[in-house]
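Numbers restart at 1 for each chain; the letters A, B, ... are given by sequence-line order, proteins then strands.
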Amino acid sequence: MSKVQTSIENLKINLGEAPAAAAEKKTTRAKQAKEIKETSLNVTEADWERVLLMKNSNPDMVKIRDVRESWRSGDTLPQAKFSKTEALRMWKRFSIERREQTLIDMVANTPKNYTLIQDEAALDTMVELMEKEPIISVDTETTGLDLFGIDHLVGLSVTLPVADLHYYIPTRHDEGKQIPNDVVMNKLRPCFENPAIGKVLFNAKFDTHVLINEGVRLNGLAADAMIIMWLLSEDLLSYRLKDLATKFLKEPSDTFAELFGKNCKFNTIPLDIALAYAAKDTDLTWRFYQWQLSHLSKDKLKEVHTLYKTVENPLVEVCINMEQTGFIVDTKFAKEYGDILKAELAEAEAELWNYFPKDINFNSPTQLKKIFYEDWQLPDISKKQSTDADTLKRLNDEVEHDGIKTLLRYRELTKLVGTYVDKLPNNIKEDGRLHGGFKQNGTVTGRFASNNPNLQNIPTLARRLFIAPPGQIIFGADYSQIEPRVLAHISGDEHFREPYNKGIDLYATLAAKVFKKPIEECGDGTKLRKMMKVGLLAVMYGTTMRTLAKQLRISVEEAEQFIEDFYISYPQVGLWIKSVWEQVKRDEFVTTMYGRKRRFPGHGQQAIQYDKLAKEICERLGVEKLPSNIWAFKKELPYKLKRAFQDVKGKVERVRRMAVNAIIQGSAADVMKLALIRLDAAATTLGYAMLATVHDEALLYVDENITVEEVDFLEEAMTGACTLDIPVKVDAMFTYRWGENELNKKEWFSRDKK
DNA sequence: CGGCTGGGCCAC
DNA sequence: AAACGTGGCCCAGCCG
């Protein structure tokens, strides 16, 4: 048996897979169950794509492809009469064979310039070469993803592009000769911490956290290929390096889970396999980055490249800082508050039993649906037997049922307890802090996303669990009305800009103008002002008249009149929106203020089809303007035409809404990202820590004795992040406990100190 | 059991 | 015939 095959056999034992001979004997139920379980895993789109790639070399695979297509289309193909189970078994057999074969091939074909570093002399040679490189690629291998918890580094790979050498340095593998971890870290530290040596990574945030745990602060991030990819194509299904390499470099590459199984830890991988896998990571990262650069240098992507260099790349450090800081959670308070809420919940539940039959689960929409619409025969307002809050409220308006009211209260409480008050403390790590994730590439528009846990959707009532460490406070700075301001700036509407330039209330001014009422009747708290707020959102997000009517509890005709009046008062806004529709029809993408793109491939054709059918409808009816409800014309328009138009209309209007929204939301996100970079720099000079961002606000931990000058300095970092044609306003907030007793700047500095 | 989906709901 | 943009998490219920 060759060395490679020995490694594979060892690996199989590590993976818990019995050798082939033993497998045949044992066919217990448990084992079958396990097999089914494994079979159901990992049959992803990417798997199937690879099956298609391999079909020429293995005719059997064609059958599997056919089976899959037949599942999708809902027919059975005559040449592929397999049950789903049989097909999955075939897939399983194939993938295990392939996995083994891939590993054998991978090790056998390990490139000559991949080197395993197992002794200090070799490491010294590598470091010497590394110091001559202007830019290198780095990647880490770990036991898992819980970096603030149990998981840690087991080895790292480095690519030296000039020398064309690729290394893997194992430090904590279970078996094989290795250099002690601290020795490796000490030797790498000077180069890794030297900002003059550029680093190219794939998901740099992850590796930087890993290295921080080892006492090394990676500096000089030159590029994060994952973030660049997202700027080049914001809505790919997968942003895994291996999938991208397969897709764009035309180099079929398997992900870790595909090669080793989902539950495998990297420290169990034999070193010869680890080298072939891990050195390829940095090799691919570097090559992928070069491929990206070849695109970014094109004229039409210059702006995107600039956006990357000036915003997204420096922002990676800010994300790392926010995640490192982490929130302090008041666990004692969480417990007390949880108990109070649970008592209220028990009360609500006891009350619910007065109205609902025994043994029903109030958390189950399926069961509630049956009671509301079958047993109680309530009118189906939503037309889909919904039991959501909106429907329940409207139902209650009609039938006045205490059970419905209590159910709403029950829902509120279960959400608060079950998702936040009880659950958030579970995320606290050994350092006593909660480190949520901030993903700068988490959305298609450019906004941040947050997870594990999501810190961007904490309800006001649950925010009070988050506190500042002793001697510090939470400082918040949020942009006031950033999205309407962006609209005012981009649309160039003088009237729309007026309230901002004069420093008066936007919504009151808009309402007065649109409703033709004196401004006194549109002030704070008035109905007209509230209506205007909803109306402006509808304009920005492209709400349909039907929904707007529902929200404002007015008729569809009144809603149409409302929006028409708005466009008469603010004609440039309407013209700008139409210009966006034209842009997206022509280019199939739109661009934010800072050059971020949102793409809508295929929209051009759809828009042309839309125009064609719209024209036909107008001609048949002999009208200029497309009627809002074509279904009213029962005889005048053939069903087929109406149906075809409705189809394309839905798609085209959806893209139009998304395009308008992407520019507004995306530009606001650009501004916020710039602001975060400046804030991070300002915070660093003051010795403060970035904590979080919630779309239009940034949170920091600062000294409770922060000075007015320091606050001015932080505020300026935000206000100075952009220059719009109108003023930008930032509101500062000071508190010991998030969401509670929040003071503004004036209040904070004039408060009575205890 | 573990993955997946749909309904519901929190934030901006 | 009909859906307001961007997200993530929890629970039921289903599947293999």
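Here B/dG7 is the nucleotide among C/dG13, B/dG7, C/dA1 with the atom lying nearest to any side-chain atom of A/Pro365. Counting only heavy atoms from C-beta on, A/Ala389 has its side chain closest to B/dC9 among B/dC9, B/dC10, B/dG8. The side chain of A/Thr387 sits closest to B/dG8 out of C/dT6, B/dA11, B/dG8. Looking at the side chain of A/Arg463, the nearest of the listed nucleotides B/dG8, B/dC9, B/dC12 is B/dC12. For A/Lys439, whose side chain is taken as the heavy atoms from C-beta onward, the closest listed nucleotide among C/dA1, B/dA11, C/dG8 is C/dG8.
For the pair A/Phe438 CZ and B/dA11 P, the interatomic distance rounds to 16 Å; values are reported in whole Å. To the nearest angstrom, C1' of B/dG8 lies 7 Å from CZ of A/Arg411. Straight-line distance from the CD1 atom of A/Ile458 to the P atom of C/dG7: 19 Å, rounded to whole Å. Taking atom CG on A/Asp478 and atom P on B/dA11, their separation rounds to 16 Å, with Å as the unit. Between A/Asp388 atom CG and B/dG8 atom P the separation is 5 Å, expressed in whole Å. The interatomic distance linking A/Leu548 (CG) with C/dG5 (C1') rounds to 15 Å, in whole Å. In this structure, A/Leu455 atom CG and B/dC12 atom C1' are separated by 14 Å, rounded to whole Å. Put simply, CG on A/Asp696 is 6 Å from C1' on B/dC12, counting in whole angstrom units.
Put simply, the side chain of A/Tyr420 reaches to within 4.5 Å of the side chain of A/Lys415, judged on heavy atoms.
Ionic pairing of A/Arg463 and A/Glu740 is not present here: no N-O contact between side-chain nitrogen and carboxylate oxygen is shorter than 4.0 angstrom. Ionic pairing of A/Lys640 and A/Glu616 is not present here: no N-O contact between side-chain nitrogen and carboxylate oxygen is shorter than 4.0 angstrom.
The local environment of CZ in A/Arg654 is sparse, with at most 12 non-hydrogen atoms from other residues, nucleotides or ligands closer than 6.0 Å. Counting non-hydrogen atoms of neighbouring residues, nucleotides and ligands closer than 6.0 angstrom, the NZ atom of A/Lys578 reaches no more than 12 such neighbours.
A donor N or O paired with an acceptor N or O is not found under 3.5 Å between the base of C/dC11 and the side-chain atoms of A/Asn363. In this model, a side-chain donor or acceptor of A/Arg447 finds a partner on the base of B/dC12 within 3.5 Å.
Contacts with DNA chain C (heavy atom under 4.0 Å) in residues 649-668 of chain A: A/Arg654, A/Arg657, A/Met658, A/Asn661, A/Gln665, listed by number. For DNA chain B, the residues of residues 415-428 of chain A within the heavy-atom distance limit of 4.0 Å (strictly under) are A/Lys415, A/Tyr420, sorted by number.
Scored by the salt bridge (Lys or Arg N to Asp or Glu O under 4.0 Å) test, A/Glu560 finds no partners at all (sequence neighbours excluded).
Of the N and O atoms on the side chains of A/Thr391 and A/Asp388, at least one donor lies less than 3.5 Å from an acceptor on the other residue. No side-chain N or O of A/Gln440 forms a donor-acceptor pair with one of A/Trp230 less than 3.5 Å apart.
Taking the six-membered ring for Trp, A/Trp376 and A/Phe356 have ring centres closer than 6.0 Å. Taking the ring centroids of A/Phe562 and A/Phe566, they lie at or beyond the 6.0 Å cut-off.
Close to C/dG13, at under 4.0 Å from its OP1 or OP2, lies a side-chain N or O of A/Gln367. Distances shown here put every side-chain N or O of A/Thr414 at or beyond 4.0 Å from the OP1 or OP2 atom of C/dC11. Residue A/Ser386 places none of its side-chain N or O atoms closer than 4.0 Å to OP1 or OP2 of B/dG7. Note on A/Asn451: every side-chain N or O is 4.0 Å or more away from OP1 and OP2 of C/dG8.
For the pair A/Lys597 and A/Phe589, the cation sits on the ring face: its NZ or CZ lies under 6.0 Å from the ring centre, inside 45° of the axis.
In this structure, A/Asn629 reaches the bases: a heavy-atom distance under 4.0 Å links it to at least one base atom across the strands shown.
Of the C1' atoms belonging to B/dG8 and C/dA3, the separation is 15 Å, rounded to the nearest Å.
A residue-by-residue look at A/Ala449 and A/Lys384 shows that A/Lys384 has its nearest nucleotide of DNA chain C further toward the 5' end.
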